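Values below: all heavy atoms of this structure, side chains included; hydrogens, waters and symmetry mates excluded. All ligand and atom numbering here is 1-based and tracks the order in the structure. Owing to the predicted nature of the structure, the values given are computational and were not obtained by experimental measurement.
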Amino acid sequence: MARTQALYVCRACGGEALKWQGQCAHCKQWDSLEAVTASRRPREHGGSAAAAVALDEGTAAGAGMARLSFGMTELDRVFGGGLVGGSATLLGGEPGIGKSTLLLQVAAALARQHPIVYASGEESVAQIGLRARRLGLASAQLALVSEHSLDAILALALERQPALLVIDSIQTMQLAATESAAGSAAQLRECTAALVRHAKTGGAAVMIVGHVTKDGSIAGPKLLEHLVDTVLYFESDAGSRYRLLRATKNRFGPVNELGFFAMGETGLREVRNPSAIFLSRRPEPVAGSVVMVARDGGRALLIEVQALVDRGAAGAPRRVAQGVDANRLSMLLAILNRHADLSLVEHDVFVNLVGGIEITETATDLPLCLALASSLRGRALQASAVAFGELGLTGEVRPVAHGEERLRELAKLGYQRVILPRENVPRAAPAGLELQPVATIGEALAAAFGAR
Ligand code: TYD
Ligand code: MG
């Protein structure tokens, strides 16, 4: 006789344990283990063998797998070229960021050609309808359901055979066979597993909303990532109307793809040329502003780095960094002081990346230093030069990854002069781009402002 054994899963990481413990052995989170019902344990094998196909047949079937276009190129790109039939996607993000808005728009767009079911456990049909009206969406092929019972939703999906089933959100769903509250680790796992099973057997694509809190820790997406094919995160800066959609896992496309959207009065609109957001277009170059080419989420992005250096009042000078690491800024100020004879110890220093973007890569070092020097001297960079590069503690300019791609993006957008690390100079520079390779911060300042 098989022994019934309880199984415990961690709410934070999805790790399993055979007996309850105060701390998860996998992620070391305290008090995060929860009992899971027996249904999820592997069933005993019956007599019949599994069906197998030859690889060639498999590749042929894969080629025939249609991708549905969302009608938004930014979205299609994040998915690796559109939505794959029978795929399961998890869309994570903080409450209020726009997950429901995005999926309602997506559902309505796809519903022009395919039957779609949009199931919400958070809003009534009237509320969803109100939102749809505000977004200017209308579609008879889009079936709205307000329901907490996933059994009922799956039954409806079986009946309607939609091309896409949207679940908003997984935290509000409940399976009758799983005896715990909605939002518990057991329900989250069982509901997601049931949805994935539905996608794999019925062929409908499934999109699941999962809320995450600021620290990304609440029971939910983290626990479910390994169950689904694609994991997307919707991000934004506080107060910014721009939204970034990032693919952190994708069985059908590249990871770390990034899509840009703007939230407006009538919902989310794709931003095709994100570089334009992060540059404040000005006819004349001004002091304290340097354009850099950063790389985020698999694409090169032009960003304007701004610095304001001001002789501060008596007392400790202020150091304010928006979009860049404050410790990195302190390091750069020390490098400028020591290796470029630019002392800012008595100055208030403010730096900012235009458009509210946050960049963690070290390629911001050089443009940031140039912007600081430019503000201090009250002079713009010569010939609107663009810059990128890392700085070392000895004042050396170090190469960064994806140099050629950055140069291509610059050339594409019509920039003419770039100050870059010597090791990043490619064998053949893109046409129309004048390169100014530098090896030290001193050389970079000379290239930027001319010899003093
Ligand atoms: P929502 O999609 O409900 O967020 P989530 O499902 O991730 O919790 O988005 C809600 C926010 O979006 C809310 O603050 C209002 C704003 N919003 C707009 O700015 N414009 C719009 O057209 C819509 C529908 C919402
Ligand atoms: Mg919502």
Pairwise distance [atom1]([X]) to [atom2]([Y]) - rounded to 0.5 angstrom:
X	Y	atom1	atom2	answer
L245	L232	CG	CG	5.0 Å
L336	L370	CG	CG	8.5 Å
H198	I167	NE2	CD1	8.5 Å

Do [X] and [Y] pair up side chain to side chain, a donor and an acceptor below 3.5 Å, judged on atom types alone?
X	Y	answer
H402	E361	no
D76	S69	yes
E304	S289	yes

| Under 2.8 Å: N/O/S of T101 next to the Mg ion (ligand 2) |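 Coordinating: no.
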| request: Ignoring hydrogens, tell whether any protein atom lies closer than 4.0 Å to atom 15 (C) of ligand 1; use the non-hydrogen atoms only. | output: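 Neighbour list for atom 15 (C) of ligand 1 is empty of protein heavy atoms (cut-off 4.0 Å).
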Check: [X] N/O within less than 3.5 Å of ligand 1 N/O:
X	answer
E265	yes
G96	yes
R134	yes
M263	no
L135	no
G267	yes

| field | Closest protein heavy atom (residue, atom, distance) for atom 6 (O) of ligand 1 | value |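 Its nearest protein heavy-atom neighbour is S100 OG, 2.6 Å.
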Give the atoms of ligand 1, by number and element, whose distance to some non-hydrogen atom of [X] is under 4.0 Å.
X	value
E94	7 (O)
P95	8 (O)
T101	1 (P), 2 (O), 9 (O), 24 (C), 25 (C)
G264	18 (C), 19 (O), 20 (N), 21 (C), 22 (O)
R131	1 (P), 2 (O), 3 (O), 24 (C)
G98	1 (P), 2 (O), 4 (O), 5 (P), 7 (O), 9 (O)

| request: Determine the interplanar angle of the F70 and F79 rings, folded into 0 to 90°, and report it as parallel if under 30°, tilted if 30 to 60°, perpendicular if over 60°. | output: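 It falls in the tilted class, 30° to 60°.
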| query | Would the number of heavy atoms belonging to other residues, nucleotides or ligands and lying under 6.0 Å from CZ of R112 be above 12? | reply |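 Atom CZ in R112 is not packed in, count stays at 12 or less.
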| Is a side-chain N or O of E34 found less than 3.5 angstrom from the main chain of A185, in a donor-acceptor match? |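 The answer is yes, because a donor-acceptor pair under 3.5 Å joins these two groups.
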| task | Could you tell me whether a side-chain N or O of E270 sits under 3.5 Å from a main-chain N or O of E74, the two making a donor and an acceptor? | result |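 Yes; at least one donor-acceptor contact below 3.5 Å.
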